[in-house]
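Here is the structure we will look at, set down as structure tokens.
Sequence positions, counted from 1, serve as the residue numbers for this chain. Scope of the values below: all heavy atoms of this structure, side chains included, with no hydrogens, waters or symmetry mates.
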Amino acid sequence: MKIFRFQIDPKFKAQYLAEDLKLQLEVNRHNNVSISSNNHTNEIVVGVPDDGGETGEIVGSFMESYQTGVILE
């Protein structure tokens, strides 16, 4: 599993973006992703299966406008 930590722009709240990302993935029928938010550090942590290429692209596209950085663990 690939773990991405998205550092969110201070203009946005990680908790609400995480909920929106979950909804986006459900709409696209990608339910094999774990998503959590850390409001203290304003980060979203996303776990994508290693073989989830399209899922990773959806997550990356969604987060592009909201992130100030990303860390791949």
Side-chain angles (χ1 to χ4, degrees):
M1 180 163 277
K2 296 177 188 173
I3 306 294
F4 297 93
R5 286 180 40 217
F6 293 98
Q7 300 164 335
I8 305 302
D9 187 317
K11 295 184 286 189
F12 304 102
K13 300 270 188 200
Q15 175 185 357
Y16 300 118
L17 284 177
E19 292 170 9
D20 291 346
L21 178 57
K22 286 178 189 177
L23 180 60
Q24 179 68 38
L25 291 169
E26 286 176 12
V27 166
N28 287 300
R29 295 190 173 108
H30 293 272
N31 300 322
N32 55 348
V33 179
S34 66
I35 301 170
S36 63
S37 62
N38 182 331
N39 293 327
H40 185 309
T41 59
N42 207 34
E43 291 181 334
I44 296 176
V45 180
V46 181
V48 178
D50 288 330
D51 62 345
E54 184 179 341
T55 304
E57 290 176 20
I58 292 170
V59 170
S61 293
F62 181 89
M63 296 304 299
E64 190 172 322
S65 299
Y66 304 112
Q67 70 185 20
T68 58
V70 63
I71 299 168
L72 178 60
E73 295 181 342

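Closest heavy-atom contact between M1 and P49: CE-N, 4.2 Å. The heavy-atom pair separating A14 from N38 by the smallest distance is CB-O, 4.2 Å.
Cluster annotation: I58 and I35 are assigned to the same hydrophobic cluster (Ile/Leu/Val/Met/Phe/Trp/Tyr, side-chain heavy-atom contacts under 4.5 Å, transitive). There is no path of hydrophobic side-chain contacts, each under 4.5 Å, that joins V59 to V45.
The side-chain heavy atoms of L72 and K2, taken from C-beta on, include a pair separated by under 4.5 Å. Proximity of M63 to I44: side-chain heavy atoms (C-beta onward) are separated by under 4.5 Å at one or more points.
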Donor-acceptor contacts under 3.5 Å from residues 16-31 side chains, at least two apart:
unit_1	atom_1	unit_2	atom_2	d
N28	ND2	Q24	O	3.0
H30	ND1	T55	OG1	2.7
H30	NE2	N28	O	3.4

Donor-acceptor list for residues 3-12 side chains, cut-off 3.5 Å, not counting sequence neighbours:
unit_1	atom_1	unit_2	atom_2	d
R5	NE	E43	OE1	3.3
R5	NH1	E73	OE2	3.2
R5	NH2	E43	OE1	3.4
R5	NH2	E43	OE2	2.9
D9	OD1	K11	N	3.0

